[in-house]
Undergrad: 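Pasting a structure here, questions to come.
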Amino acid sequence: MDGGSIVQQAVGVVYNVLLPLTSPLCRVPGLTSYAVTKWRLALDDYKGTRTRAIHGLHSEYGTAVRISPNEISFSSLSALRTIYGAGSGFERTDFYRMFDVYGRQNLFTFAESKKHGDRKKILAHAYSKSNILSPAAIAKPLIEGNAKSFLNLIEQEKDVASEIFHSLHWFSLDSITGFLYGNEHGGTHALRGNESDRAMLNDILDPARRKLTWYAVHLKAYTRWLYSQTGVLGSAISALNLLPMKRPATYTSIRAHALKSWTDFESDVQSKDLKPSTTAAAADSMASIMAKLWKHSTSGKAPALDGLDIASEVADHFLAGIDTTSDTLMFAIWALSLPENKKYQDQLIAEVDSLITADDCNADGIPTVQAVDRLPFLDAVIKETLRLFAPLPASEPRSLPTDTAVDGYLIPAGTVVSISPYTLHRNAEVFPHPLEFRPERWLGELGDVAEMKKWFWAFSSGGRMCIGMHLAMAEMTTLLTALYREYTTTEQERQKGSSPAITSRFEVFYDEKYERISEHACYIDFHRR
Ligand code: HEM
């Protein structure tokens, strides 16, 4: 070994081993293997065990644990306020940049609060509860119409509807595209049988998506290089099976659909001179989120947006609005269909029958988005589903450019801190019998509801809380009420003994009381009442 490489190795040891062991973060409890190298947590990521491993560390070491030389996980309410409270100054980390679309940042990926706040101002009203529930806005007819299409699918193609992982994804796909793009410029019709719209789900189903996410996070430059190679080298990379996910890589058709929706809209506004309220069709097109952003871009107001900014923003909401809502609906219907939970399904049906009258339904007989917002037991069922089966259960990383303190620990500038809904939602002192599906806990029959609400974190909190929450709630309440007004549900024989499972980032999530899982599939029988 020559002198240069000895010095290099010495620097490596100091940087990788001694520094992590002498940093102020050493006071934070945890396992040394996590403290000395980021690859220990990366191994959990690779195995798909990250969130459960961190949860295990919290069970053993308490509410603050070191999970990497530069990363601390917390699980207390005080840390939640310090890190995620409005105006805390903590920013999203670079981790989120993998959600940039077409090379542009968007609401989800902006780190700085000013840029984020400016973009949010343009969108906040469209996603507000009053707008989502307004009889004059785009969401109401869209969601009620899609609930009707879901019931039609059960009537006309019962076997197809019965595999609810897919059929509910079609519901959320049609709902989010109609809301973002409008019917004329990208609204999909998967529930009504459009095969190319349905095929977009293949982007989501490929398990290689988890591997690609791991590469994109842990080997960012190498992954970018792999996918940018063309010609002979590109073919050699493919032939040697070096790509973590075969081309076309993740979300290709969803992103292509999103870009086409924007370019179609842009050429229409230029050629037809579409203006709000000139015709009914134009008015519908102009009510979409995409049109809202376009109107802002032509208003001359700051911040300036160009076409790719708009396309990126809407494409990100598109992705954020598919799995989250349909995975939650799937777990809710599956949980209500289990024999041991029949009492909850009966209670929900009794509530729907007593509180939803013919006057609460639209001309198609579908309960309105406003009426279903007033059902307390339904709300408890959805909250309990989001608690136990949060569709985004993993840690939400943040950092601050200056030194600070969290829960009494000195946190040097740039340290990554995070909390996960998975761990918050399994605190047995707040949620007695945390692994059991018990909707009645939200009605005060098991634990302290006020306290539980403080710990409920499925939609995050503070300035970076989910902007799509009211849209998602309207979709979920309408679909579940419309369904249980007309049907009861049970597990199919082939589903018995296994939990449905979903993918989130690197991991697969399911009901951990089960040993068998059915990933991306859930078989339910619908029985007309
Ligand atoms: C049950 C349904 C949903 C759940 C549980 C959920 C959950 C979340 C969570 C936990 C975050 C914060 C993530 C983080 O900081 O790492 C988030 C942010 C976000 N969500 Fe949702 N989401 C849902 C539905 C939707 C829908 C339907 C949309 C449609 C537009 C949407 C759009 C967004 C956006 C744009 C952000 C970024 C907000 C910001 O940074 O200001 N979500 N969501």
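We use all heavy atoms of the structure for the numbers below, so side chains are in, but hydrogens, waters and symmetry mates are not. When a ligand or atom number is given, it counts from 1 through the structure's own listing order.
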Undergrad: Under a 4.0 angstrom heavy-atom cut-off, which atoms of ligand 1 come close to T328?
TA: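 So the answer, numbered in order with elements, is 1 (C).
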Undergrad: Just to verify, what does H317 make a ring pair (Phe, Tyr, Trp, His ring centres under 6.0 Å) with, not counting sequence neighbours?
TA: Y127
Undergrad: Once the angle between the rings of Y84 and W457 is folded into 0 to 90°, is it parallel (under 30°), tilted (30 to 60°) or perpendicular (over 60°)?
TA: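 Y84 and W457: perpendicular rings.
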Undergrad: One thing to verify: whether R426 and E512 come together as a salt bridge, which I'm taking to mean a side-chain N less than 4.0 angstrom from a carboxylate O.
TA: yes
Undergrad: Give the single entry among P393, S172, P397, A458 that approaches atom 7 (C) of ligand 1 most closely by any heavy atom.
TA: A458
Undergrad: Under 4.0 Å from any heavy atom of I176, which atoms of ligand 1 are there?
TA: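 In order of numbering, the contacting atoms are 29 (C).
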Undergrad: Say whether H116, considering both its backbone and side-chain N or O atoms, lies within less than 3.5 Å of an N or O atom on ligand 1.
TA: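 Right, the criterion is met.
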Undergrad: Just which atoms of ligand 1 are under 4.0 Å from any heavy atom in M465?
TA: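 By the 4.0 Å cutoff, the relevant atoms are 38 (C).
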Undergrad: On the 0 to 90° scale, with breaks at 30° and 60°, tag the F99-Y96 ring pair as parallel, tilted or perpendicular.
TA: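 Geometry flag for Y96 against F99: tilted rings.
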Undergrad: Is it the side chain, the backbone, both or neither of E313 that has a heavy atom closer than 4.0 Å to ligand 1?
TA: neither
Undergrad: Taking only heavy atoms of Y127, which atoms of ligand 1 are found under 4.0 Å from at least one of them?
TA: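 With Y127 as reference, the close atoms of ligand 1 come out as 30 (C).
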Undergrad: Between S261 and H185, do the side chains contain a donor N or O and an acceptor N or O under 3.5 Å apart?
TA: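 Judged by distance alone, the side chains do not pair up.
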Undergrad: Consider ligand 1: state whether an atom of it lies below 4.0 angstrom from any non-hydrogen atom of R119.
TA: no
Undergrad: Hey, are T51 and E507 close enough side-chain-wise for a donor-acceptor pair under 3.5 Å?
TA: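 Yes.
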Undergrad: Output yes when the distance from some N or O of ligand 1 to some N or O of Y96 is under 3.5 Å, and no in every other case.
TA: yes
Undergrad: Return the orientation label for the F171 and F150 ring planes: parallel under 30°, perpendicular over 60°, tilted otherwise.
TA: perpendicular
Undergrad: Would you mind telling me which of R50, R210, K211 makes a salt bridge (Lys or Arg N to Asp or Glu O under 4.0 Å) with D45?
TA: R50
Undergrad: So which heavy atom in the protein is nearest atom 36 (C) of ligand 1, and how far is it from that ligand atom?
TA: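 Here the nearest protein heavy atom works out to F108 CD1, 3.7 Å.
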Undergrad: Could you tell me which atoms of ligand 1, counted from 1 in the order shown, lie closer than 4.0 angstrom to a heavy atom of H317?
TA: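 Answer for ligand 1: 29 (C), 30 (C), 35 (C).
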Undergrad: Out of Y523, Y514, F437, which residue meets the ring-ring contact (aromatic ring centres under 6.0 Å, His included) rule with W334?
TA: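 Among the candidates, only Y514 passes.
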Undergrad: Kindly assign one of parallel, tilted or perpendicular to the pair F74 and Y409, based on the angle between their ring planes and the thresholds 30° and 60°.
TA: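 Tilted: the ring planes of F74 and Y409 meet at 30° to 60°.
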Undergrad: Return all protein N, O or S atoms below 2.8 Å from atom 21 (Fe) of ligand 1, chain by chain in residue order.
TA: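 Protein N, O or S atoms closer than 2.8 Å to atom 21 (Fe) of ligand 1: C466 SG.
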Undergrad: What are the atoms of ligand 1, with element, lying closer than 4.0 Å to any heavy atom of P391?
TA: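 Reading through ligand 1 atom by atom, the close ones are 5 (C).
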Undergrad: In terms of ring plane angle, is the pair W214 and Y46 parallel, tilted or perpendicular, where the classes change at 30° and 60°?
TA: perpendicular
Undergrad: Does only the side chain of R92 get under 4.0 Å from ligand 1, or the backbone, or both, or neither? Count heavy atoms.
TA: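 Side chain only.
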Undergrad: Given side chains that start at C-beta, do those of R387 and P434 come closer than 4.5 Å, heavy atoms only?
TA: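 Answer yes - side chains close enough.
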Undergrad: Looking only at N/O atoms, are R464 and ligand 1 under 3.5 Å apart anywhere?
TA: yes
Undergrad: Distance alone, cut at 3.5 Å: any donor-acceptor contact between the side chains of H189 and N183?
TA: yes
